[in-house]
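The shown structure was predicted, so the numbers you read here are calculated from the model rather than taken from an experiment. Sequence lines set the chain letters: A, B, ... in the order given, protein chains first and strands last, and positions in each chain run from 1.
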Amino acid sequence: MMNKVFEQIEWSLLTPETTIIAGIVLLLLTDLVLPASISRRWFGFIGLASILGSLAFVVSQLPLKPAEILFGTYRLDPMSLVFKLLFLTATALILLVAMDRKKGDKTDRYIAEEYILMLSALLGAMFLASSVDVITLFIGLELLSISSYILVGMRKHERLSTEAGWKYVIYGGVSSAFFLYGYSFLYGLSGTTNLFTLGQSLAEVVQSTQSDLFIVASLCLMLVGFAFKISLAPFHMWAPDVYQGASSPVASFLAVVSKAAGILFLIRFLLIGMYPLLRSEVWGENIMWALAILAAVSMIVGNTVALRQQNVKRILAYSGIAQAGYLFIIFPSLQSNLIFVSVGFYLVVYMLMTIGAFAIVHVVSKDTGNEELTSFDGLVRRSPGLAIAMTLFLFSLAGIPLTAGFIGKVNLSLNTFASGQMWLLISTLLVTTVISYYYYFRIVQRMFVEKATSDQKVPISFFSALTILVVVLGTIGFGIMPDLLLSKLETVKWGYGLIPLEGIQQLKN
Amino acid sequence: MMFTWAWVLPLFPLIAFVLLIALRDVIEKRLAVALSLIGIGVSFGFAVYLAWIGVFQQSVIQTAKYQWFSIGGKPLYLDFMLEPLNIVMVFLVSLVSLLVQIYSMGYMKDDARIITFYAYLSLFTSSMLGLVISANLLQIYFFWELVGLCSFLLVGFWYFKPEAKEAAKKAFIVTRIGDIGLLIAIFMIFQKVGSFDLRVIQDAVGSGVLTGGALTTVAILIFVGAVGKSGQFPLHTWLPDAMEGPTPVSALIHAATMVAAGVYLVGNLFFLFAGSEVALTTVAYIGGFTALFAATIAVTQNDIKRVLAYSTVSQLGFMMLGMGVGSVYASSFHLLTHGFFKALLFLAAGAVIVALHHEQDIRKMGGLWKHSKWLSIPFLIGCLSIAGIPPFSGFFSKDEILYAIQLSGKKDLLVIALLTTFFTAFYMFRLFYLVFAKKSREKHEVHSIPWSMKVSLAVLAVCSIVGGFFSFPTTNLSAETITHITKLPGHAPLWLNGSAVGASLLGILLATFLYVWRQGSAEGLAKRLSWLYQVSYRKYWIDELYQVVFVSSLKVVAWFLNGFDRFVVGGIVRFVGWGTMSIGRLGSMMQNGQNQTYVLVSLIAFLILFVSLVFGRLIG
Amino acid sequence: MEITGEFIAFFILSILAICGAVFMIFFTNVVHMGVSMAFTFLSIAGIYFLLNADFLAVIQIMVYTGAISILMLFGIMMTRHKETEEKLNRPIHYGLSIAGAGVLLVSLVLLSRGATFVSDAVDTKGYGIEKIGELFFGTYMIPFELASILLLVALIGSIIIAKKEGQE
């Protein structure tokens with residue numbers, strides 16, 4: 001029986017992932033074969049090539065119709081493709097920044113491993129994106145997490161890095177435990193790992209027992225796992241320490257890819273596996289509010305605590321927590337279909353500005369040796385281009401018009417507005433946005449007002465400059481002409497990511 | 001007629017801004033200034049052309065719209081409107097900006113960062129021009145924020161002064177509070193109407209989609225936005241502080257751009273207010289209160305720019321009052337003339353400050369009349385105009401507002417308006433006499449002022465004189481317009497004219513009495529009045545009485561209000577700041593670096609979630 | 001509830017597992033900690049036996065109780081470590097944690113007592129190694145392969161972390 005199943009599988013669907021695996025293997029082997037005396041700095045190109053190859057495969061898959069392999073343990077649908085595009089683009093940009101290294105960098109010993117781990121983390125995210133089976137989802141998530149733990153802790157010559165890696169492992173382990181514990185209840189109720197089947201049998205359970213307490217309980221438990229990945233307050237506390245300890249490219253990877261993966265996981269889990277819950281009263285009465293409060297707490301905590309930080313990476317970490325809160329305002333009103341467009345748009349925008357900001361932090365801190373606010377003193381007189389780009393990213397994070405961040409935020413709040421009575425949430429968003437101006441401007445002020453510590457230009461490699469240029473263009477371009485992206489996102493058939501294949505075929509007929 | 005080029009209006013200053021920022025290290029100063037002037041000059045040319053067509057030829061100007069992006073399948077257009085109000089605003093903004101830029105050639109010529117300054121000015125003008133031609137709420141908000149951002153940059157231009165830094169921050173944050181109101185209003189409108197397009201919204205109001213309580217809420221929230229921008233009570237605190245910026249910036253902010261935006265917004269969205277009596281009354285009373293409140297504070301200020309700043313707050317309140325009693329016509333007219341004479345006053349004040357080596361305390365000034373007619377005559381024209389003395393422009397527009405109030409039948413507001421007129425005349429002439437009339441207490445060597453400043457002053461002076469003779473353009477009733485501007489029926493009764501001018505003259509007289517006649521040395525006074533010693537004695541006694549009745553009581557009120565301003569309003573601001581910081585402190589206290597704490601926090605958070613979602617239902 | 005031999009066995013095994021875990025946290029001697037952890041693993045294997053998951057139980061004993069615990073003990077013996085560990089005194093932490101765990105326990109017990117399960121007890125007799133193999137190389141092949149990459153990454157990571165600085 002099994003053999004027949006194997007024959008029917010279209011293994012070609014897996015090409016994007018296999019390309020990444022090939023990249024990993026190639027890196028491993030080259031590192032092994034190459035004599036120690038030869039520089040490994042060009043290894044980034046192998047990684048980049050495999051990412052670009054994978055990107056090409058994903059693009060070629062765009063016109064394909066939704067398909068599954070092995071009962072949904074691998075799934076190709078519009079939603080997974082869009083998220084894979086996001087992950088791949090983000091990682092490619094981050095890799096370019098990571099290739100901008102100082103001469104004689106102490107981490108050069110592990111340069112091959114660094115790229116391998118980035119690729120494997122990406123691989124985890126990609127598998128996570130293309131699955132509706134909890135086991136693949138979870139292993140993908142763990143692959144992403146474990147690779148990130150090591151990426152964070154691998155700068156062993158720095159105490160902060162080791163500390164951060166250690167904290168990340170423990171916190172991540174606890175969160176995974178919560179997630180699994182929560183899921184074990186659901187498995188007990190349904191006996192399945194496939195999300196669609198899970199949804200159906202949960203609906204039956206609710207029908208026959210007239211109780212959804214177990215589902216709510218497991219949602220609470222799993223929410224800890226999700227909130228950890230998305231860095232929602234109050235499950236955010238690892239983020240500032242970890243971002244600070246990690247190198248800037250890794251921090252931006254955590255902020256962008258990891259967070260987006262967590263959000264995708266949550267979307268799929270809630271909308272497919274737990275859809276009986278969405279229809280029940282308890283959603284509107286309780287859970288919606290709980291999610292709303294999580295979003296509000298994130299915005300408040302992220303934006304207020306950021307006021308007191310002196311380290312730019314920590315500021316960006318708190319800003320990321322707040323951004324997660326902004327993104328999360330959409331979840332209480334999940335029923336609306338519009339949310340995918342605004343979530344997708346915001347994720348892209350968030351990717352651009354976050355990678356940009358961290359890239360500049362990377363470049364600057366490489367020169368000054370730390371990421372304190374003082375590193376940015378008088379940057380405008382040293383490298384005006386960098387200072388202006390950074391200002392742009394910060395403005396975008398703050399959501400000031402003409403930047404993509406503004407459109408993203410407006411889009412998010414409008415959709416929340418159109419679908420629910422989330423007044424409180426919108427007000428929190430606006431008020432905390434005002435608060436956030438304060439700390440974003442503090443960095444801008446540092447760059448433009450304070451005296452520079454040196455008059456040398458900040459050295460920047462071609463690759464970092466390229467990344468920064470790309471994200472600057474994106475941040476301005478989508479700020480002025482958001483339709484470039486929005487119109488594309490609107491044509492994506494997001495719904496296909498949420499219904500089983502048979503359902504899609506029925507729709508087509 | 002069709003005018004598809006509306007979008008170029010803000011474009012030229014924007015190009016100038018981009019060029020200046022990009023080339024500021026390589027370009028020569030003169031060239032940079034010239035570039036900036038060309039940018040604004042071209043826009044001004046367009047403005048004149050538009051004014052010619054739209055105002056003098058009275059033709060309705062159609063504009064084109066372009067799809068910008070779509071939200072949830074609803075297309076959103078870049079949409080412009082060139083109705084009379086917009087054209088007048090375009091004209092005012094570009095004219096004042098042009099003059100301010102010319103003026104700055106002299107005022108800022110020694111500043112090392114003059115190119116940056118011009119770049120900011122260009123951006124400021126560009127965003128304001130964009131604001132006044134937008135016909136789409138989101139687009140309006142877009143430019144609205146940009147205007148705020150530019151004012152932040154310009155007020156804080158001399159960032160090495162700590163006060164400037166603080167003032168810039170305050171301006172930015174306080175106006176942002178108002179912006180929250182505006183943004184919520186925009187969202188509410190979108191929720192109800194499903195569009196940002198002003199024309200669609202107007203239809204929705206007309207067809208009853210947006211009525212009643214919702215309309216009132218929306219209108220009041222929009223007014224909150226205007227309160228922040230236009231420095232109305234209680235969000236006015238940033239405006240006087242914003243004086244820390246260079247004086248040309250103050251002129252620009254106070255006359256044509258930042259603060260005008262709020263009044264313009266209320267005028268442009270008047271169709272929202274017109275449907276709600278509550279909203280109109282709120283606007284009228286907040287405006288009236290601000291007008292009087294700020295005028296009384298202005299009486300006791302000693303910094304020349306702060307007096308003018310409070311005067312702006314007061315005049316803006318006056319305009320809001322006019323809006324509140326339902327006359328867009330009168331208020332817009334006053335906005336226009338105020339733009340002229342306030343720019344004139346500020347630029348003249350800037351010249352005074354330059355001439356006196358950056359002295360801003362009016363108690364240390366005096367006797368400038370003889371030194372420079374180039375300063376004193378424009379300043380006098382400005383004072384007469386703001387005081388509402390015929391035939392200066394301020395008289396006409398102020399008269400229209402008073403007449404509008406009288407027509408609305410709100411007697412209390414009329415009294416407030418007349419009182420404001422009196423105080424306005426009083427403090428302006430107090431300022432005038434202290435600066436120009438009396439003998440200088442400290443010897444100053446007076447600088448000469450460069451030609452560029454003279455040109456700007458002269459043009460504005462002419463505008464301030466003749467501005468009132470042109471009647472404000474009204475909308476063509478047969479055309480579909482968003483803002484209906486119609487003249488008030490008939491003419492103001494003579495008693496109203498009389499009492500307005502009377503109040504002004506009384507104010508001037510009191511100022512003259514207190515600051516000129518009493519000013520002469522004791523001997524001179526005695527000599528002049530020796531033939532009637534008793535009378536002079538009694539006069540002195542009356543003088544004292546005046547001192548007690550008018551000035552002291554006034555001062556008490558003013559000090560009280562000033563204290564209220566500083567402690568109550570400021571206290572609330574500080575409290576909010578303190579609250580924010582405390583949450584931040586609490587948050588970072590928990591962030592103690594120990595993973596045990598982190599996990600514990602998330603465990604407790606989880607339990608709260610769990611217990612509230614599950615446990616409660618288990619028991620209940 | 002009926003008291004059967006299975007119930008008693010489950011009761012004893014779970015008590016052992018819990019105690020092992022608790023002792024592991026509260027012991028200060030590393031060797032003791034290792035041993036108590038082995039106890040937990042062993043009792044869990046016992047529970048697997050009770051559930052007819054023989055293969056899993058054997059694997060549990062071999063991998064966790066055998067390999068991992070022993071490896072840890074070796075590691076402890078071969079490395080230097082402070083005999084006297086400082087006792088951390090954090091009453092608030094302890095209090096809050098215990099209270100939190102208590103609340104969680106109470107609500108979970110209440111939750112499971114109040115719930116009604118629909119599905120009948122599954123006959124687990126046939127669930128042997130064959131079934132597991134089929135699932136691994138059939139339905140769950142993709143996650144299974146993915147897990148191999150996960151292990152590879154973990155291997156690379158542990159090498160990086162464990163390698164001494166400055167050593168080529």
Practice problem: Pick one of side chain, backbone, both or neither for Ile156(C), based on which atoms fall under 4.5 Å of a heavy atom in chain A. | Solution: side chain
Quiz item: Tell me, side chain or backbone of Ile159(C) under 4.5 Å from chain A's heavy atoms, or both, or neither?
Solution: neither
Nearest 0.5 Å please: distance from the [atom1] atom of [X] over to the [atom2] atom of [Y].
| X | Y | atom1 | atom2 | result |
| --- | --- | --- | --- | --- |
| Leu146(C) | Met126(A) | CG | CE | 11.5 Å |
| Leu119(A) | Ile149(C) | CG | CD1 | 11.0 Å |
| Tyr74(A) | Glu145(C) | OH | CD | 14.5 Å |
| Ile146(A) | Leu150(C) | CD1 | CG | 4.5 Å |

Practice problem: Before giving the answer on side chain to side chain contact (heavy atoms under 4.5 Å, CB included), spell out for Met141(C) and Thr73(A) the whole-Å C-alpha distance, their side-chain angles and the decisive distance to 0.1 Å. | Solution: CA-CA 8 Å; Met141(C) 203 183 77; Thr73(A) 49; over 6 Å; no
Quiz item: Hey, mind stepping through Ile135(A) and Ile142(C) against side chain to side chain contact (heavy atoms under 4.5 Å, CB included) and telling me if it holds?
Solution: CA-CA 9 Å; Ile135(A) 295 198; Ile142(C) 290 174; over 6 Å; no
Quiz item: Is the CZ atom of Phe39(C) crowded by more than 12 outside heavy atoms at less than 6.0 Å?
Solution: no
Quiz item: Would you find more than 12 non-hydrogen atoms of other residues, nucleotides or ligands less than 6.0 Å from Phe23(C) atom CZ?
Solution: no
Self-check item: Side chain to side chain, Thr162(A) and Ile161(C), heavy atoms closer than 4.5 Å
Solution: no
Exercise. Output, in order, the C-alpha distance, side-chain angles, deciding distance and verdict of side chain to side chain contact (heavy atoms under 4.5 Å, CB included) for Ile160(C) and Leu117(A).
Key: CA-CA 11 Å; Ile160(C) 298 176; Leu117(A) 288 169; 4.1 Å; yes
Quiz prompt | From CA spacing to verdict: side chain to side chain contact (heavy atoms under 4.5 Å, CB included), Tyr181(A), Leu108(C) | solution = CA-CA 12 Å; Tyr181(A) 192 38; Leu108(C) 281 176; 3.2 Å; yes
Under a 4.5 Å heavy-atom cut-off, does chain C meet the side chain of [X], its backbone, both or neither?
| X | result |
| --- | --- |
| Ile21(A) | side chain |
| Phe185(A) | side chain |
| Leu151(A) | neither |

Quiz item: How far apart are the closest heavy atoms of Ile150(A) and Val153(C), and which atoms are they?
Solution: CD1-O, 3.6 Å
Quiz item: For Ala217(A) and Leu111(C), which heavy atoms make the closest approach, and how far apart are they?
Solution: CB-CD2, 3.5 Å
Quiz item: Do Lys156(A) side-chain atoms and Ala162(C) backbone N/O form a donor-acceptor pair below 3.5 Å?
Solution: no
Quiz item: Does a donor on one side chain and an acceptor on the other come within less than 3.5 Å for Tyr140(C) and Thr136(A)?
Solution: no
